[in-house]
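Start at 1 and go down the list; that is how both ligands and their atoms are numbered. Numbers here are sequence positions counted from 1. Quick note: numbers below take in every heavy atom, side chains included, and nothing from hydrogens, waters or symmetry partners.
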Amino acid sequence: MLREARAFINDYYSENQLDGAYKRWQKIETEIENTGSYTHTFDELSYGAKLAWRNSNRCIGRLFWKTLKTIDARKVASVQEFEEALGHHLEVAETRTKIRSTISIFPPIASNGVAPFKIKNYTLLMYAGYSVGDQVLGDPKNVEFTQYCESLGWKGKGGNFDLLPVVYSVNDGPDQWYQIPAHLVSEVAISHPEFDWFGELGLRWYKLPVISFMSIRIGGIVYPAAPFNGWYMLDEISTRNFGDEHRYNTLPLIADYLELDRSSPFWKEKALTVLNEAVYYSFEAAQATMVDRHSAVDQFMKFMDQEEAAGREVTGDWTWLIPPHASSTTAIFHTEMKDELKFPNFV
Ligand code: ARG
């Protein structure tokens, strides 16, 4: 902790051109020696969260790292406060139509190693998946998690787009769940600007991707509950969530509506393009924040330039950064980078 705290404090002070790093460091050192840990100021916490984003090797949206908004939820102690804080996050992250990248940081791991709060969901918002015979209703990715929610007493409507509850523990105790009130979740129904039949597929998706299973580690301190959101890149919803065979697997259906010849090796690409158009234009019509793959890559390349100008080497996980569709038409495909873990980060 001493080593990581020191490195973080140095970065925080030097990048922000602040005086007094050594004085602050001495205070932290004494605090760690006396208590085994130390407390971040709000500004340290907030800058640490930004650095964790900047160091997120799998994220293509890092150009905007400085705009991250931190909600300090370190004082949250009760179940009621915790659940309210989750709702508050969703409200704050989406102001009218524009999504703001936001993180809520709950209390750190205690000195005895206990996590005051821990969220088990991959993301705060997810759709249930039910296996019915040899078929799956809803999101196949979440079948197991849905069964787990049911074992905790949650019951879904049995539809294709039922929002799952948030499953979490308090002080490493038994898991409990909280259903986020529907009025706090905005979703977009998917239709296509040219093909009227597209709406018949009944597809929809929520606007906010809020990753919630990761801890954030800043200056040696681990905050086990730290849900954070950005906005969607088109491909995440269209190409992957709707297109993957082991997810909503909509390509064969779309191909049938389009009357594509499925013996041709190109039917998937054709269906995929129509699916991408549908998601993109539906989000646009709903004025929901979303970025297409080409703009996202342009932004990432700008981020790389910016970092290089600041004398920092950008690390990244190429396999995650390249868009899953038409990847070689984007510059990132032709870029090499190291996948090295730097702190602060999400773990
Ligand atoms: N790919 C995940 C999903 O479809 C979300 C991951 C985070 N995405 C983001 N744009 N911040 O739910």
Practice problem: Kindly indicate, with the supporting measurements, whether the criterion salt bridge (Lys or Arg N to Asp or Glu O under 4.0 Å) is fulfilled by Asp72 and Arg74. | Solution: CA-CA 6 Å; Asp72 187 356; Arg74 289 177 294 174; 2.8 Å; yes

Practice problem: Verify whether the ring centers belonging to Trp205 and Phe242 lie closer than 6.0 Å. | Solution: yes

Self-check item: Protein contact to atom 4 (O) of ligand 1 [nearest heavy atom, distance to 0.1 Å]
Solution: Asn241 ND2, 2.9 Å

Practice problem: Note the single closest protein heavy atom to atom 3 (C) of ligand 1, along with its residue, its atom name and the distance in Å. | Solution: Tyr232 OH, 3.4 Å

Exercise. Could you see which bit of Ile211 sits under 4.0 Å from ligand 1, with heavy atoms only: side chain, backbone, both or neither?
Key: side chain

Exercise. For atom 7 (C) of ligand 1, find the nearest protein heavy atom and state the residue, atom name and distance (0.1 Å precision).
Key: Glu236 OE1, 3.5 Å

Quiz item: Which of the atoms of ligand 1 are close to Trp231, meaning less than 4.0 Å from one of its heavy atoms?
Solution: 9 (C), 10 (N)

Exercise. Give a yes/no verdict on a cation-pi contact between Arg217 and Phe343, requiring under 6.0 Å between NZ or CZ and the six-membered ring centre and an angle within 45° of the axis.
Key: yes

Quiz item: Only one of Asn142, Asp162, Thr146 forms a side chain to side chain donor-acceptor pair (under 3.5 Å) with Tyr130, so which one is it?
Solution: Asp162

Practice problem: Answer whether the closest heavy-atom distance between the side chains of Glu31 and Ser37 falls below 4.5 Å. | Solution: no

